[in-house]
Enquirer: 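I have a structure I would like to understand better, so I am pasting it below and will then ask my questions one at a time.
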Amino acid sequence: MKPLALFGGTFDPVHLGHLSVAWEAAELLDAEVRLMPANVPPHRPAPLASAEQRIAMLHAALQRQSRLSMDTRELRRNGPSYTYDTLSELRAEQGDRPLILLLGADAFAGLPSWHRWRELFDVAHLGVLSRPGVGAVLPSGLQTEVATRRVDDVALLQTLPAGKVIELAVTPLEISATRIRELLASGRDPRYLLPCGLFDDPALLAPYRTHGSIAL
Ligand code: ATP
């Protein structure tokens with residue numbers, strides 16, 4: 001069975017950086033990849049768009065392709081989305097199928113602030129996606145934890161259910177949701193940073209368009 005990879009995030013909004021790295025990860029790992037919007041991220045400010053709005057954007061973004069899908073389980077659960085709980089639930093559902101948590105390099109460096117982070121390796125592998133502007137220096141606790149877990153060979157990940165860390169050298173795209181929110185708030189139109197489906201319905205980007213006029 002193909003590995004199942006989960007790419008969590010706020011997706012406020014989903015952008016081409018997310019989609020492109022998720023797509024490349026699906027190819028590199030020969031995995032099914034699900035984008036998994038988070039409910040109330042315990043370590044982040046609340047998103048501008050509601051859960052329903054973020055689902056609608058992801059739905060529009062994922063049209064006309066077959067490798068990437070969406071998993072909304074964290075939005076259906078009340079309270080904060082702890083990745084450990086979500087992956088444990090998926091582990092119970094999926095038996096011994098390899099599970100891979102995909103993280104951008106910035107999110108990976110912040111892993112030690114996550115709930116039960118060391119136990120994540122009991123339930124999943126980690127796939128670290130390169131991201132421009134993120135240095136290679138890791139906090140020492142994380143460095144130690146992953147030292148013995150690192151692998152280069154995708155085939156190893158495909159034969160084990162959990163416990164390894166692999167770096168995935170994806171094409172660097174310097175796109176962030178923060179930048180897109182800033183552009184939209186100042187009346188700009190970041191057309192080619194976002195999936196074209198987000199422009200089909202004006203309601204989709206309305207949460208971010210707080211400025212009426214075009215700023216040049
Ligand atoms: P924000 O700017 O609001 O912090 P973001 O663009 O980082 O948002 P998130 O939804 O927070 O997007 O990110 C979800 C996941 O996607 C994280 O693991 C993050 O590291 C990763 N990610 C986001 N953008 C990129 C990118 N351009 N390249 C690689 N990984 C990315």
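Computed from a predicted model, the values in this text were never measured in an experiment. Start at 1 and go down the list; that is how both ligands and their atoms are numbered.
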Enquirer: Applying side chain to side chain contact (heavy atoms under 4.5 Å, CB included), can you list everything that pairs with Pro98, at least two apart in sequence or on another chain?
Expert: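 With neighbours one apart ignored, the set is Pro3, His125.
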
Enquirer: Suppose I only count heavy atoms of Phe11 and a 4.0 Å limit; which atoms of ligand 1 are within that range?
Expert: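 What qualifies from ligand 1 is 10 (O).
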
Enquirer: Which pair of heavy atoms, one from Ala60 and one from Leu198, lies closest together, and at what distance?
Expert: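 Looking at all heavy atoms of both residues, the closest pair is CB-CD2, 4.1 Å.
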
Enquirer: So is Gly9 polar-close to ligand 1, meaning N/O to N/O under 3.5 Å?
Expert: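 No - when backbone and side-chain N and O of Gly9 are compared with those of ligand 1, no distance drops under 3.5 Å.
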
Enquirer: With heavy-atom distances below 4.0 Å as the criterion, list the atoms of ligand 1 near Leu103.
Expert: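 Close to Leu103: 18 (O).
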
Enquirer: Pull out every atom of ligand 1 sitting under 4.0 Å from any heavy atom of Ser130, numbered as shown with elements.
Expert: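 This gives 29 (C) as the contact atoms.
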
Enquirer: Give the atom numbers and elements of ligand 1 that come within less than 4.0 Å of a heavy atom of Ser176.
Expert: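 Those atoms are 2 (O), 6 (O).
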
Enquirer: Below 4.5 Å, heavy atoms only, C-beta onward: do Ile100 and Leu102 meet side chain to side chain?
Expert: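 SC-SC contact between Ile100 and Leu102 confirmed.
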
Enquirer: Can you sort out which atoms of ligand 1 are near His15, meaning under 4.0 Å from one of its heavy atoms?
Expert: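 Heavy-atom distances to His15 below 4.0 Å select 6 (O), 24 (N).
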
Enquirer: Kindly confirm or rule out an N or O of Phe7 lying under 3.5 angstrom from an N or O of ligand 1.
Expert: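 N/O-N/O distance under 3.5 Å: no.
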
Enquirer: Backbone, side chain, both or neither: what part of Arg181 comes under 4.0 angstrom of ligand 1, heavy atoms only?
Expert: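 The answer is the side chain.
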
Enquirer: Using heavy-atom distances, let me know which of Ala107, Gly8, Gly133 sits nearest atom 15 (C) of ligand 1.
Expert: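 Considering heavy atoms of Ala107, Gly8, Gly133, the nearest to atom 15 (C) of ligand 1 sits in Gly8.
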
Enquirer: A side-chain contact here means heavy atoms from C-beta on lying under 4.5 Å apart; do Thr86 and Arg77 qualify?
Expert: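 They are in side-chain contact.
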
Enquirer: Would you call Leu129 a ligand 1 contact, heavy-atom distance under 4.0 Å?
Expert: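 Heavy atoms of Leu129 never come under 4.0 Å of ligand 1.
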
Enquirer: Can you check whether Glu174 has an N/O within less than 3.5 Å of an N/O in ligand 1?
Expert: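 Glu174 vs ligand 1: no N/O contact under 3.5 Å.
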
Enquirer: Counting from 1, what ligand 1 atoms have a heavy atom of Ala177 closer than 4.0 Å?
Expert: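 Near Ala177, meaning under 4.0 Å from one of its heavy atoms, ligand 1 has 1 (P), 2 (O), 3 (O), 5 (P), 6 (O), 8 (O).
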
Enquirer: Looking at ligand 1, does Pro132 have a heavy atom less than 4.0 Å from it?
Expert: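 Not so, Pro132 does not reach ligand 1.
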
Enquirer: Check whether any side-chain heavy atom of Arg73 lies under 4.5 Å from a side-chain heavy atom of Leu90, and answer yes or no.
Expert: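 Counting from C-beta outward, Arg73 and Leu90 do come under 4.5 Å.
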
Enquirer: Need the ligand 1 atom indices (1-based, order shown) with element for anything under 4.0 Å from a heavy-atom of Thr178.
Expert: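 Numbered from 1, ligand 1 contributes 1 (P), 2 (O), 3 (O), 4 (O).
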
Enquirer: Taking N or O atoms only and a 3.5 Å limit, does Asp12 qualify as a polar contact for ligand 1?
Expert: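 Looking only at distances, the answer is no, because the N/O contact criterion of under 3.5 Å is not met.
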
Enquirer: So, for Val123 and Leu99, which heavy atoms are closest and what is the spacing to 0.1 Å?
Expert: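 Val123 and Leu99 have their closest heavy atoms at O-CD1, 3.7 Å.
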
Enquirer: Where's the contact between Pro172 and ligand 1, heavy-atom distance under 4.0 Å: side chain, backbone, both or neither?
Expert: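 For Pro172, no heavy atom sits under 4.0 Å from ligand 1.
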
Enquirer: Of all the atoms in ligand 1, which lie at a distance below 4.0 Å from a heavy atom belonging to Asp106?
Expert: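 Answer, ordered by atom number: 19 (C), 20 (O).
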
Enquirer: Mark yes or no for whether Asn39, through its side chain, and Ser81, through its backbone, hold a donor-acceptor pair below 3.5 Å.
Expert: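 Side chain of Asn39 to backbone of Ser81: no pair is present.
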
Enquirer: Between Asp106 (side chain only) and Val134 (backbone N and O only), is there a donor and an acceptor less than 3.5 Å apart?
Expert: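 Checking the backbone N and O of Val134 against the side chain of Asp106, no donor-acceptor pair under 3.5 Å is found.
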
Enquirer: For the 3.5 Å polar cut-off, considering only N or O atoms, please tell me whether Val21 and ligand 1 meet it.
Expert: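 No, Val21 has no N/O under 3.5 Å of an N/O on ligand 1.
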
Enquirer: Has Gln158 got a side-chain atom pairing as donor or acceptor with Leu29's backbone, closer than 3.5 angstrom?
Expert: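 Looks like yes, one N/O pair under 3.5 Å.
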
Enquirer: Less than 4.5 Å apart, any side-chain heavy atom of Leu168 and any of Leu129?
Expert: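 Yes. Closest side-chain heavy atoms under 4.5 Å.
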
Enquirer: With sequence neighbours left out, write down each residue that passes side chain to side chain contact (heavy atoms under 4.5 Å, CB included) with Pro172, or none if nothing qualifies.
Expert: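 For Pro172, the residues satisfying side chain to side chain contact (heavy atoms under 4.5 Å, CB included) (neighbours in sequence not counted) are Pro132.
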
